[in-house]
Amino acid sequence: MTQVVVLGAGYAGAGAITKLEQVTDGSVDITWISDDDYHLVLHEAHRVIRDPNARSKITIPVEEIKSRDTRFVESHVTGVDVDDRVVSLRDADDVDYDYLLVALGSATAFYGIDGLEAHSLTLKGLDDALEIHDAVESAAADATHAEPARVVVGGAGLSGIQATGELAGYRDDEGAPIELTLVEGLDEIFPGNDPSVQSALRERLEARDVNIMCGDFISSVDDDVIYVGGGEDEPATELDYDVLIWTGGITGQEELADADVDKDERSNRIYADRDFQTSDPRVFAIGDTALVEQGPDDVAPPTAQAAWQAADVAGENLARAARGEPLKTWTYDDKGTVISIGEDAVAHDVDVVPFGTFGGFGAKALKKFIAARWIADVSSVGNAIDAWSDL
Ligand SMILES: Cc1cc2nc3c(=O)[nH]c(=O)nc-3n(C[C@H](O)[C@H](O)[C@H](O)COP(=O)(O)OP(=O)(O)OC[C@H]3O[C@@H](n4cnc5c(N)ncnc54)[C@H](O)[C@@H]3O)c2cc1C
């Protein structure tokens, strides 16, 4: 029987498995490999910074996602040999494939900034969110309202903004002595997006006493100080800190560095066509791992929304490839953005509501609905209802 192997249990992997099982109905052998035996609803992971109990609501055991016939291997992928068609694993036997879907997400990019990796916490998974919670809690325990703990978030994209919102929520829930600063190197937070959503987010963060610094990149970090900007003629701005959380960019997974498929040289993210096929016709790639072509000079964004949409077509294409049928192509459909700031949220250009940018109850309900719909899609309506209050 044809062996189809899917790597990763994020939106891309979990969604592809669900679709693949639906369309093959036992006619191919499916192996699903990931380093944890649960799917993490990563786009809600920031909730755990404020409340570690939220973790059980945003993790779904793979057993509740996959069918009984799909074999799950809980292991860390250490490499892919496309010539021998083998996936190598840490502390487990190699796995052969006829068709492979790589959906291993991304790693944090540090851009070679001196001291940044050594002195910062990142937010790429559940353990990271718990570590941030603990670090902030401990810094606040050593601080006073006269000399608060200085918590700095570097990078104001989706994860940095939402993490900052949860940190503000934590500070307010606990009455903790914490001073919060969000640093963004480009000119405005949520860079590259519409000014209306940028100002709606800024307004809400500033209302929660978050200091926002934009327009200069972090240039280096040492034990006590973050240096922002600076150059030959200009000294850097010095920011004392107790906890630094870095959410300033993504890059490919180093485990894929030696896989012989076409990749972006700098980031190792894998080039994939609109049908998710890579330069090796037996290897497909989607989600944050991949740069999925969307026309000249354009690729799909590294978002849960894009990975979720792509997974549905990728799952079907794996089945088509196994049957020798033509592959489907995929075009990303931007359904808008909903971003949380603690309990508040801002929605922008969402296709179900023709209001442009808005906050309040409508945006909050939409944010919950999006995550709950995903949980219901990959597992069950019961899990979605259970998670509702923590989303
Ligand atoms: C805090 C935060 C908030 C976000 N908010 C939003 C949002 O509001 N909207 C939005 O659209 N997007 C948001 N994003 C981005 C979104 O979460 C990602 O784009 C999305 O998770 C990508 O899905 P993926 O399946 O490609 O990767 P992931 O969800 O990262 O899944 C990768 C999977 O691969 C596994 N894995 C990785 N390496 C290995 C290995 N070597 N061996 C075995 N298994 C491995 C991981 O455990 C995981 O199961 C947010 C991200 C963060 C961090």
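Order of appearance sets the numbers: ligands from 1, and atoms from 1 within every ligand.
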Visitor: State whether a side-chain donor-acceptor pair under 3.5 Å links Asp194 with Ser196.
Guide: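 A donor-acceptor contact under 3.5 Å links the two side chains.
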Visitor: Parallel under 30°, tilted from 30 to 60°, perpendicular over 60°: which one fits the rings of Trp32 and Phe72?
Guide: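 Perpendicular.
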Visitor: Test Tyr38 against Leu126 for side-chain contact (heavy atoms from CB on, under 4.5 Å), laying out the working first.
Guide: CA-CA 11 Å; Tyr38 57 79; Leu126 189 57; 3.8 Å; yes
Visitor: Quick check: does Val77 get an N/O under 3.5 Å from an N/O on ligand 1?
Guide: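 Yes, Val77 has an N/O under 3.5 Å of an N/O on ligand 1.
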Visitor: Could you tell me whether the side chains of Glu64 and Asn383 share a donor-acceptor contact shorter than 3.5 Å?
Guide: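 There is such a pair between these side chains.
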Visitor: Can you classify the ring geometry of Tyr170 versus His133 as parallel (below 30°), tilted (30 to 60°) or perpendicular (above 60°)?
Guide: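 Ring orientation, 0 to 90° scale: perpendicular.
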Visitor: Please report which non-hydrogen protein atom sits nearest to atom 26 (O) of ligand 1, along with the residue it belongs to and the distance in Å to one decimal place.
Guide: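 Answer, as residue, atom name and distance: Asp288 N, 2.9 Å.
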Visitor: Gln305 heavy atoms, cut-off 4.0 Å: which ligand 1 atoms fall inside?
Guide: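 Taking each heavy atom of Gln305 in turn, ligand 1 has 11 (O) under 4.0 Å.
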Visitor: Side chains of Gln162 and His43: is there a donor and an acceptor less than 3.5 Å apart?
Guide: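 No, His43 and Gln162 have no side-chain donor paired with an acceptor closer than 3.5 Å.
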Visitor: So which protein heavy atom does atom 13 (C) of ligand 1 come closest to, and at what separation?
Guide: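 Answer for atom 13 (C) of ligand 1: His43 CB, 3.5 Å.
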Visitor: Considering only protein heavy atoms, which is closest to atom 25 (O) of ligand 1, and at what distance to one decimal place?
Guide: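 The answer is Ala12 N, 2.9 Å.
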Visitor: Among side-chain atoms of Arg274 and Thr331, is any donor-acceptor pair under 3.5 angstrom?
Guide: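 Thr331 and Arg274 do have a side-chain donor-acceptor pair below 3.5 Å.
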Visitor: Nearest 0.5 Å, please: how far is CZ in Arg71 from CD1 in Ile30?
Guide: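 Separation between the atoms: 12.0 Å.
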Visitor: Could you tell me if Asn193 and His348 have a donor-acceptor pair between their side chains, going purely by distance under 3.5 Å?
Guide: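 There is no such pair between these side chains.
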Visitor: Within the 4.0 Å heavy-atom shell around His76, which atoms of ligand 1 are there?
Guide: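 Ligand 1 atoms under the 4.0 Å threshold to His76: 40 (C), 41 (N), 42 (N), 43 (C).
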Visitor: What I want to know is whether Asp35 and ligand 1 share at least one N or O pair that is separated by under 3.5 angstrom.
Guide: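 For ligand 1, there is an N or O atom that lies under 3.5 Å from one belonging to Asp35.
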Visitor: Between His39 and Trp374, does the ring centroid distance fall short of 6.0 Å?
Guide: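 Ring-ring flag for His39/Trp374: true, centres closer than 6.0 Å.
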Visitor: Are any of the N/O atoms on Lys367, whether in the backbone or the side chain, positioned under 3.5 angstrom from an N/O atom of ligand 1?
Guide: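 Yes; at least one N/O pair falls below 3.5 Å.
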Visitor: Name the closest protein heavy atom to atom 52 (C) of ligand 1, giving the residue it belongs to and the distance to 0.1 Å.
Guide: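 In this structure, atom 52 (C) of ligand 1 has Ser159 CB, 3.6 Å as its nearest protein heavy atom.
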Visitor: Thr108 and Ile250: side-chain contact (heavy atoms from CB on, under 4.5 Å), yes or no, with the steps?
Guide: CA-CA 5 Å; Thr108 301; Ile250 66 163; over 6 Å; no
Visitor: For Ala307, take its heavy atoms, then give the atoms of ligand 1 lying under 4.0 Å from any of them.
Guide: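 Every atom of ligand 1 under 4.0 Å from some heavy atom of Ala307: 23 (O).
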Visitor: Give a yes/no verdict on whether any heavy atom in Ser75 is under 4.0 Å from an atom of ligand 1.
Guide: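 Distance cut 4.0 Å: Ser75 passes for ligand 1.
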Visitor: Can you sort out which atoms of ligand 1 are near Ala103, meaning under 4.0 Å from one of its heavy atoms?
Guide: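 So the atoms of ligand 1 that pass are 32 (C), 33 (C), 34 (O).
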Visitor: Of the protein's non-hydrogen atoms, which lies at the shortest distance from atom 34 (O) of ligand 1, and what is that distance?
Guide: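 Minimum-distance protein heavy atom for atom 34 (O) of ligand 1 reads Gly8 CA, 3.4 Å.
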Visitor: Run the numbers for me: atoms of ligand 1, each under 4.0 Å from some heavy atom of Leu123, listed by number.
Guide: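 In order of number, 1 (C), 53 (C).
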Visitor: Does Pro302 come within less than 4.0 Å of ligand 1, judged by its heavy atoms?
Guide: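 Distance cut 4.0 Å: Pro302 passes for ligand 1.
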Visitor: Please check if any side-chain donor atom of Ser340 sits under 3.5 Å from a side-chain acceptor atom of His46, or the reverse.
Guide: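 The answer is yes; a qualifying pair exists.
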Visitor: Out of all atoms in ligand 1, which are within 4.0 Å of some heavy atom of Gln253? Include the element for each.
Guide: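 Going through ligand 1 atom by atom, the ones under 4.0 Å from Gln253 are 37 (C), 38 (N).
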Visitor: So is Ala304 polar-close to ligand 1, meaning N/O to N/O under 3.5 Å?
Guide: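 In this structure, Ala304 places an N or O atom under 3.5 Å from an N or O of ligand 1.
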Visitor: What atoms of ligand 1 come closer than 4.0 angstrom to any heavy atom of Gly287?
Guide: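 So the answer, numbered in order with elements, is 26 (O).
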Visitor: Please report whether ligand 1 has a polar contact with Leu42, defined as an N or O pair separated by less than 3.5 Å (distance criterion only).
Guide: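 The answer is no, given that Leu42 and ligand 1 share no N or O pair closer than 3.5 Å.
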Visitor: Suppose I only count heavy atoms of Gly105 and a 4.0 Å limit; which atoms of ligand 1 are within that range?
Guide: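 Per the distance check, 26 (O), 27 (O), 30 (O), 32 (C).
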Visitor: Within the structure, does Ser106 bring an N/O atom to less than 3.5 angstrom of an N/O atom in ligand 1?
Guide: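 In this structure, Ser106 places no N or O atom under 3.5 Å from an N or O of ligand 1.
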Visitor: May I ask you to check if ligand 1 and Ser34 share an N or O to N or O distance below 3.5 Å?
Guide: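 N/O-N/O distance below 3.5 Å exists for this pair.
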Visitor: For Tyr38, is at least one N or O under 3.5 Å away from an N or O on ligand 1?
Guide: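 There is no such contact.
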Visitor: For atom 20 (C) of ligand 1, grab the closest protein heavy atom and report residue, atom and distance to one decimal in Å.
Guide: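 Looking at atom 20 (C) of ligand 1, the protein heavy atom closest to it is Tyr11 CD1, 3.6 Å.
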Visitor: Does ligand 1 come near enough to Ala9 that some N or O of the ligand is less than 3.5 Å from an N or O of the residue?
Guide: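 The answer is yes, given that Ala9 and ligand 1 share an N or O pair closer than 3.5 Å.
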Visitor: Tell me which pairs pass salt bridge (charged side-chain N to carboxylate O under 4.0 Å, His left out) where either residue lies in residues 114-137, with sequence neighbours left out.
Guide: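 Non-adjacent pairs meeting salt bridge (charged side-chain N to carboxylate O under 4.0 Å, His left out): zero.
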Visitor: Touching ligand 1 at all, Ile339? Heavy atoms, strictly under 4.0 Å?
Guide: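 It does not; every heavy atom stays at 4.0 Å or beyond.
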Visitor: Polar-atom distance check: Gln162 versus ligand 1, any N or O pair below 3.5 Å?
Guide: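 For ligand 1, there is an N or O atom that lies under 3.5 Å from one belonging to Gln162.
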Visitor: Over 60° means perpendicular and under 30° means parallel, so tell me whether Trp246 and Tyr111 are parallel, tilted or perpendicular.
Guide: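 Rings of Trp246 and Tyr111: perpendicular, as their planes differ by over 60°.
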Visitor: Does Arg282 make a cation-pi contact with Tyr99, if we ask for NZ or CZ under 6.0 Å from the ring centre and within 45° of the axis?
Guide: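 So Arg282 does make the cation-pi contact.
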